[in-house]
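So that the names make sense, note that chain A is the first sequence line, chain B the second, and so on, each numbered from 1.
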Amino acid sequence: MFRVRVCVLIASLGLVEPVAMAAHHGSAAFESGKSVVLKGTVKEWVYSNPHCLLVLDVKREDGTLVEWVAEGQAPNTIFPVGYRKDSFKPGDQVAITVEQVKTGQPVGRILEAVLADGSVLGRASSAGAPPPRDQ
Amino acid sequence: MREPAQMRACTWIFLAILAFAVIQRPSVTLAQGGGAPGGWVTPDYAEPQVPVARRSSAPRRSMAGTWIPIGRFGTGTQAGGVHLKPNDGRPENQLPYTPFGLKLYETHKALEGADAVPPALGNDPRNLCEPLGMPRVNHYNLNLVQIMQDDYKVAILYQFDNRWRVIWTDGRQLPTVVEGGAVKLGDEIREQRFLGYSVGRWSDDTTLEAVTVGTMPEDRVWLDSTGRPITDQVRVTERIRRLDSHTIEWSETIDDPKVYSKPWETMRLPMRLADPRTDVMEYYCSPVEQQNYNRRFGNSASGGAGGR
């Protein structure tokens with residue numbers, strides 16, 4: 001029976017593998033494969049189409065603030081990964097990992113988000129989507 | 001202390017009860033991972049396909065259900081090009097363009113694929129919230145689709161932009177495409193449609209074959225998100241096979257002699273049956289939200305090149 005329980009446990013673990021995200025617009029604008037970790041204060045979370053937008057104040061080393069805008073996919077696409085309309089609230093202290101645009105402007109797409117309560121949400125963009133798994 | 005024989009008997013009894021419980025589960029697995037707050041069942045994209053042993057044979061002439069592509073979430077997205085021919089520059093995925101087709105492709109500035117441009121430079125009609133049209137509806141985030149039917153028709157409900165399409169199965173004739181792209185129904189000339197005119201027939205009890213003509217011209221629609229062209233001369237043939245109680249396979253072939261020198265297969269997508277109670281989230285193109293996105297993100301991502 002112990003073996004059976006182990007098998008059931010292993011099978012269950014197989015079901016919680018992160019799912020890949022869908023792409024909506026092109027990857028040409030992004031520095032593919034180069035990620036930046038941003039820690040800052042949420043100004044706004046726009047749960048909209050074609051992409052959700054997270055506006056964040058991030059403090060530079062010299063103490064000045066820079067406003068970052070990070071996108072996720074559309075609500076229906078990032079919902080399965082856990083992103084909700086109230087995942088980010090103004091004033092929340094969060095950390096996000098983004099892939100920045102090639103232009104160098106403070107915009108990027110969300111690869112991972114650590115919310116104010118410490119919970120972690122996965123990819124909100126198509127960047128680096130893992131290969132399909134058998135079901 | 002039980003005897004080994006007794007323990008073996010207990011084990012066998014337990015396994016028999018377990019097997020009985022599995023067999024007695026509903027034929028459609030109810031959402032677990034997706035959740036159902038307040039009874040509103042959310043899509044469970046990570047749910048594995050029901051094991052073969054728990055599937056039954058295909059019902060007769062029925063494609064009804066809520067369907068999710070088998071594989072990881074995103075299998076039906078096709079952002080990088082149609083399912084069987086992604087636009088990735090590989091030789092095996094080159095398309096049989098006619099000279100006109102290639103020229104037309106080069107005028108399309110897509111945000112995806114081998115020739116992608118930055119967001120603000122694109123000219124995808126989708127970005128103006130134009131209807132995708134047929135067959136692009138089959139190649140645009142096809143990650144959850146509902147099929148409903150009666151004795152006369154099969155209706156496909158697409159998630160994107162809440163679009164629906166009817167395939168008539170009542171024996172009516174397929175319209176004839178006439179000069180200029182319009183269609184002829186009997187003696188009457190009728191308008192072109194984004195989703196065209198679709199007529200289907202059951203080639204056997206588990207296979208629906210549908211043909212679509214009468215779609216919009218090439219200056220209104222694209223084949224996929226990588227800017228591949230399609231014209232109003234296209235004849236789209238779909239074949240939906242019900243493989244068993246929980247599985248369909250949806251394939252599509254396009255024949256558009258104006259832009260492709262021969263017919264080719266775009267999609268062969270296996271899909272699994274989802275919980276019939278699944279609530280489908282809205283997924284739409286709103287000019288207001290699109291404009292806001294361009295202003296706050298898209299233009300910056302393009303180096304301030306201006307919005308669409």
Legend entry - Point-to-point distance, once rounded to the nearest 0.5 Å, from CG of A:L53 to CZ of B:R295: 10.0 Å
Inset, instruction - Mind checking the CG-CZ spacing from A:N76 to B:F160? Nearest 0.5 Å is all I need. - result: 9.5 Å
Inset, instruction - Inspect the contact between B:R296 and A:E71 and indicate whether a charged nitrogen and a carboxylate oxygen are less than 4.0 angstrom apart. - result: no
Legend entry - Which of A:A70, A:G104, A:P106, A:S48 touches chain B most, by non-hydrogen pairs under 4.5 Å: A:S48
Legend entry - Heavy-atom neighbours of A:Q93 CD exceed 12 at 6.0 Å: yes
Inset, instruction - Check the surroundings of atom NZ in A:K89: do more than 12 heavy atoms from other residues, nucleotides or ligands lie under 6.0 Å from it? - result: yes
Inset, instruction - To the nearest 0.5 angstrom, please state how far the CG atom of B:N292 sits from the CG atom of A:N49. - result: 12.0 Å
Legend entry - Residues, nucleotides or ligands: over 12 heavy atoms within 6.0 Å of B:R90 CZ: no
Legend entry - Which atoms of A:E31 approach chain B - backbone, side chain, both or neither, heavy atom under 4.5 Å: neither
Inset, instruction - Please report the closest heavy-atom contact between A:G108 and B:F297, naming both atoms and the distance. - result: O-CE1, 3.1 Å
Inset, instruction - Determine whether more than 12 heavy atoms belonging to other residues, nucleotides or ligands lie under 6.0 Å from atom CD of B:E282. - result: no
Legend entry - B:E92, CD: over 12 other non-hydrogen atoms inside 6.0 angstrom: yes
Inset, instruction - Step by step, work out the side chain to side chain contact (heavy atoms under 4.5 Å, CB included) result for B:M281 and A:F79. - result: CA-CA 9 Å; B:M281 284 179 73; A:F79 183 93; 3.6 Å; yes
Legend entry - Distance (rounded to the nearest 0.5 Å) between B:Y283 OH and A:Q73 CD: 7.0 Å
